[in-house]
Amino acid sequence: MKENQDNKMDKIVSLCKRRGFVFQGSEIYGGLSGVFDYGPNGVELLNNLKKAWWKASVYEKENYFGIDSGMFKHPRVWDASGHTSGFSDPLAECRECNTRIRVDKELERVGVTADEKMSEAEINQLFDSARDKIACPKCGQKNFTPAKAFNLLVKSNLGDFTSEGSDPVYLPGEACQGIYLNYKNIVDSMSPKLPFGVVQIGKAFRNEISPRNFLFRTREMEQADTQLFVKPNENKAAYEQLKQDRWNWYLSIGIKEENLKWKQHENLVFYASDAWDIMYNFPTLGFDELEGVHDRTNYDLTQHMEFSGVDLRYTEGETGEKYVPWILETSVGLGRMFLAVISDAYHEEEMNGETRVVLKLHKDLAPYRVAVSPLLKNKPELVTKAREVFVMLKKEFGNVAWDDNGNVGKRYRRQDEIGTPYCVVIDFDTLGQENPDTKDTVTVRHRDTGEQERVSLVDLVKFLT
Ligand code: ATP
């Protein structure tokens, strides 16, 4: 059966709650908009995504280093990065019911090319010409205020004991600043030769005007960033390679190529040399930004050099030549990645005359590698043997589920929804009471095909690996 695209997002949100992947933040208090909590199965998938990303971004590369910087940063950092003055989205308010909209996104929705980097005057000109097409999502009226730039940085009162501090310490608006701030430390401690990369997974916070579409637009998020430092003007080939690597990575974790496409930025920020986004075909939204791959020239280090007064130039070992390296960046939100992976894996299909929901997740991403169950939970001899197998597999893989709830059919349905690639069932044949030939063999059921085969216990670990 083909999934109904119109309500696929609702189905995914409901599956995520039902099966312990993702919950609304602070749900028992009515929820906190734009914040989500990962549940027991969600955190496994999230951690597996991080591991896969780290492996591809550090271990499989040469001259790439990981860091983990503090979230809070000196207030001047966000002046240098341009966030205090320019990190804003155009906001308009419905005059009837006070609902706020993000004008650039609403314009795009009605087919007008716009983006958040446009000046207030530019965006208002476009807004005025399209006002008859944009209705308030809450009350349906078309009576909005003009668009105003709304800064997305989230303030904290860290270290401010008077409530009158003039230099607020912000929560990070983007995680990558921690990499720029540690660039000199990395050069001094690791002595890398250019080109070299620094990667980090870190939290970021944005006062998004209208957080929506589940994990797609949240106010608290995690970003996985790579910053590749290259010699000035030696950016082109490295940039193409980085783009290719990131595209291939999505394919390697099982994303279908037809659900990905590239989009080049039309309106480049003044310092950028080139910028492309990897777009994913999200349910309900259609193709939208999943990851940015940007050629940022020497802007970031030049800014920090100017604002901090510290020399951030790289010195060539042999010639002594000094220059500010250029930066090629990849940046993706883990929540968007999670949503893309779950959407891609989500299938509704007929099996044995019933409709099943199955998450066809890559084996290395699935919350559990395998589920173990005794055929019947009221037969102690089956349960004892099944526990033995469970303990053996747990030692090997760690992420092994014990499932003895309901009948075997129900367990398969449940594990299908969680995306467990294999179910191992210990039955009477395993005990070999009737037929000694089947002793110490188990049934292994494959998630994607529903096929079952017998595998001997001595081969089981190898089989599942
Ligand atoms: P958008 O135009 O969708 O607001 P952006 O261009 O501002 O995104 P960047 O600042 O380039 O995004 O951030 C890098 C990545 O971080 C994005 O490609 C996306 O995956 C993720 N991201 C950005 N904002 C959010 C958010 N509010 N919620 C979840 N992920 C986000």
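Every number for a ligand or one of its atoms is a count from 1 in the order of the listing.
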Please list, in number order, the atoms of ligand 1 under 4.0 Å from a heavy atom of [X].
| X | answer |
| --- | --- |
| E291 | 18 (O) |
| R102 | 4 (O) |
| V332 | 20 (O) |

Looking only at protein heavy atoms, identify the closest one to [atom] and say how far it is in Å.
| atom | result |
| --- | --- |
| atom 16 (O) of ligand 1 | Q223 NE2, 3.1 Å |
| atom 21 (C) of ligand 1 | G333 N, 3.5 Å |
| atom 1 (P) of ligand 1 | R217 NH2, 3.7 Å |
| atom 22 (N) of ligand 1 | M221 SD, 3.6 Å |
| atom 28 (N) of ligand 1 | T218 N, 2.9 Å |
| atom 19 (C) of ligand 1 | R336 NH1, 3.5 Å |
| atom 6 (O) of ligand 1 | E289 OE1, 3.3 Å |
| atom 14 (C) of ligand 1 | S331 OG, 3.3 Å |

message = Does only the side chain of E220 get under 4.0 Å from ligand 1, or the backbone, or both, or neither? Count heavy atoms.
response =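 E220 to ligand 1: no contact under 4.0 Å from either part.
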query = Using a heavy-atom cut-off of under 4.0 Å, does the side chain or the backbone of D277 touch ligand 1, or both, or neither?
reply =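 No part of D277 is near ligand 1 at this cut-off.
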Side chain to side chain donor-acceptor pair (under 3.5 Å) partner of Y180, the single match among H304, Q303, Q227 =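 That would be Q227; it is the only one of H304, Q303, Q227 passing the side chain to side chain donor-acceptor pair (under 3.5 Å) with Y180.
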inquiry  = Check this for me: does any side-chain nitrogen of one of R413 and E354 sit under 4.0 Å from a carboxylate oxygen of the other?
reply    =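 Salt bridge between R413 and E354, a charged N being under 4.0 Å from a carboxylate O: yes.
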Residue-ligand contact [X]/ligand 1, heavy atom below 4.0 Å:
| X | answer |
| --- | --- |
| R212 | no |
| G292 | yes |
| K105 | yes |

request  = Pick whichever of H265, E174, M279, R206 has a heavy atom sitting closest to atom 10 (O) of ligand 1.
outcome  =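 Minimum heavy-atom distance to atom 10 (O) of ligand 1 goes to R206.
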key: Heavy-atom pair of closest approach, residues W53 and D225   =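 Between these two residues, the closest heavy atoms are CH2-O, 3.4 Å.
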request  = Mind jotting down which residue pairs meet the side-chain hydrogen bond (donor to acceptor under 3.5 Å, both in side chains) criterion with at least one end in residues 19-44? Sequence neighbours excluded, please.
outcome  = K17-E27, R19-E417
ask   = Does an N or O from L290, backbone or side chain, lie closer than 3.5 Å to an N or O of ligand 1?
value = yes
key: N/O separation below 3.5 Å, F216 to ligand 1   = yes
key: Flag if over 12 foreign heavy atoms under 6.0 Å of NZ, K184   = no
request  = Give the C-alpha distance, both sets of side-chain angles, the deciding distance and a yes or no for ring pair (Phe, Tyr, Trp, His ring centres under 6.0 Å) between Y280 and F287.
outcome  = CA-CA 5 Å; Y280 179 77; F287 279 98; 7.5 Å; no
task = Could you tell me how the ring of W276 sits relative to the ring of W262: parallel (under 30°), tilted (30 to 60°) or perpendicular (over 60°)?
result = perpendicular
message = Using 30° and 60° as the class boundaries, would you call the ring planes of F338 and F21 parallel, tilted or perpendicular?
response = perpendicular
Is there a donor-acceptor pair closer than 3.5 Å between any side-chain N or O of [X] and the backbone N or O of [Y]?
| X | Y | value |
| --- | --- | --- |
| R100 | C94 | no |
| H74 | R76 | yes |
| R296 | E329 | no |

key: Listed once per pair and sorted, the salt bridge (charged side-chain N to carboxylate O under 4.0 Å, His left out) pairs that draw on residues 121-137, sequence neighbours left out   = D128-R131
